[in-house]
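Okay, so here's the structure we're looking at.
Because the structure is a prediction, the values reported are computed rather than measured.
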Amino acid sequence: MAVQLVDESHWDDLVIIIAVVSSKQKETSSTSGMRDTVETSPLLQYRAQTVVPSRILKMEDAIKNRDFESFARLTCADSNQFHAVCLDTSPPIFYMNDTSHRIISLVEKWNHSEGTPQQVAYTFDAGPNAVLIARNRKTATLLLQRLLYTFPPQENDLDSYMLGDKSILSDAGLQSIADVEALPAPPEMKAPNQKFKGDVSYFICSRPGAGPKVLTDESHALIDSATGLAKGV
């Protein structure tokens, strides 16, 4: 059972950017995947008995103290171990894809080039889509510049490529496709000419919130009630 530690205003500096790599149905559902993992993965037993109990306590402290360095390290480590458990399952489960791995590499190279403290945390659930958590708005704009440099949109439509809080685009100095094309290569990137146009379907910018609410004004909803899809998709 999940228990809320603090309210949404406790750490309101955080900015979340979600990279939607694929919205297709997964080859292995979360339910069947977890069943297979429980039955076949020795690593899951070690994770549940040894790693998770202490990691939860450390994460609680990181959140309460707004310790982003610890928060980022724990978040990334737990995401990576979750997917290691998936690979340890028989037959192995592959939730992430090459684009997911490229996003991890992008964040890890930036974090390591900056040293301490870390700039961004990443986490992946049972799928290829990345949830990236920046320590503040300034860091989020720098992250977005790196993401759009590496994963420019397939179509010349920047507005539909960013959902949610679109103001992050102007904060990052990105008003048009021409601005994206003019972005310099990140200094930590060893292969600056390597871009993956169209590999990300779209991005969503958000921040910690109070959770689901019933809206009385449908214009405020992010989901189109007619299609069940995110607006603009």
Original post:
Can you tell me how far CE of Met34 sits from SG of Cys86, rounded to the nearest 0.5 angstrom?
Top reply: 7.0 Å
Original post:
Leu183 and Gln145: which non-hydrogen atoms are nearest, and at how many Å?
Top reply: CD1-O, 3.4 Å
**OP:** Would you confirm whether Ser79, through its side chain, and Cys76, through its main-chain N or O, come within 3.5 Å as a donor-acceptor pair?
**Re:** no
**OP:** Please report the C-alpha distance between Arg47 and Asp88 in whole Å, then the side-chain angles of each, then the deciding distance to 0.1 Å, and finally whether the salt bridge (Lys or Arg N to Asp or Glu O under 4.0 Å) criterion is met.
**Re:** CA-CA 12 Å; Arg47 171 174 163 78; Asp88 191 51; over 6 Å; no
**OP:** Verify, without hydrogens or angle tests, whether Lys58 (side chain) and Ser70 (backbone) share a donor-acceptor contact under 3.5 angstrom.
**Re:** no
Original post:
Counting heavy atoms not belonging to Phe196, are there more than 12 under 6.0 Å from its CZ?
Top reply: yes
**OP:** State the CG-CG distance between Leu144 and Leu132, to the nearest 0.5 angstrom.
**Re:** 10.5 Å
Subject >> Asp7 side-chain N/O to His10 backbone N/O, donor-acceptor pair under 3.5 Å >> reply: yes
**OP:** Taking the side chain as every heavy atom from C-beta outward, state whether Leu148 and Met162 have any pair of such atoms under 4.5 Å apart.
**Re:** no
Original post:
Do you know the tightest heavy-atom contact between Ser225 and Glu218?
Top reply: OG-OE2, 2.5 Å
**OP:** Give a yes or no answer on whether the side chain of Thr37 reaches the backbone of Gly33 with a donor-acceptor pair at less than 3.5 Å.
**Re:** yes
Subject >> Spatial distance of atom OG1 (Thr89) from atom CZ (Phe94) [nearest 0.5 Å] >> reply: 10.0 Å
Subject >> Minimum-distance pair of heavy atoms, taken over all atoms of Ala221 and Lys231 >> reply: O-NZ, 3.0 Å
**OP:** To the nearest 0.5 Å, tell me how far Glu8 CD sits from Gln4 CD.
**Re:** 7.0 Å
Original post:
Between Asn111 and Gln119, is there a donor-acceptor pair closer than 3.5 Å when you use the side chain of the first and the backbone of the second?
Top reply: yes
Subject >> Test item: side-chain donor near acceptor, Ser9 and Asp12, under 3.5 Å >> reply: no
**OP:** Output yes when a side-chain donor or acceptor of Asp78 lies under 3.5 Å from a complementary backbone atom of Leu74, and no otherwise.
**Re:** no
**OP:** Identify the heavy atoms of Val15 and Cys205 that sit nearest to each other, and give their distance.
**Re:** CG1-SG, 3.9 Å
Subject >> Minimum side-chain heavy-atom gap Leu5-Glu60 below 4.5 Å >> reply: yes
**OP:** Compare every heavy atom of Ser113 with every heavy atom of Trp110, then report the nearest pair and how far apart it is.
**Re:** O-OG, 2.8 Å
Subject >> Min side-chain heavy-atom separation Leu43-Val85 under 4.5 Å >> reply: yes
Subject >> Any Leu106 side-chain heavy atom under 4.5 Å of Tyr122 side chain >> reply: no
Subject >> Nearest heavy-atom neighbours spanning Tyr161 and Phe151 >> reply: OH-O, 2.7 Å
Subject >> Lys/Arg N to Asp/Glu carboxylate O, Asp13 vs Arg66, below 4.0 Å >> reply: no
**OP:** May I ask you to decide if Val21's main-chain N or O and Asn129's side chain share a donor-acceptor pair within less than 3.5 Å?
**Re:** yes
Original post:
For Leu222, does the CG atom sit with more than 12 other heavy atoms under 6.0 Å from it, leaving out its own atoms?
Top reply: no
Subject >> Polar side-chain atom of His112 near backbone of Gln118 as donor-acceptor pair, under 3.5 Å >> reply: no
**OP:** Please examine the side chains of Met59 and Thr75, heavy atoms only from C-beta on, and report whether any two atoms are closer than 4.5 Å.
**Re:** yes
Subject >> CD1 on Ile103 to CG on Asn97, rounded to 0.5 Å >> reply: 8.0 Å
Subject >> Gap separating the OG1 atom of Thr99 from the CD1 atom of Ile104, nearest 0.5 angstrom >> reply: 11.5 Å
**OP:** Specify whether Phe82 and Tyr95 have parallel, tilted or perpendicular ring planes, treating 30° as the upper limit for parallel and 60° as the lower limit for perpendicular.
**Re:** parallel
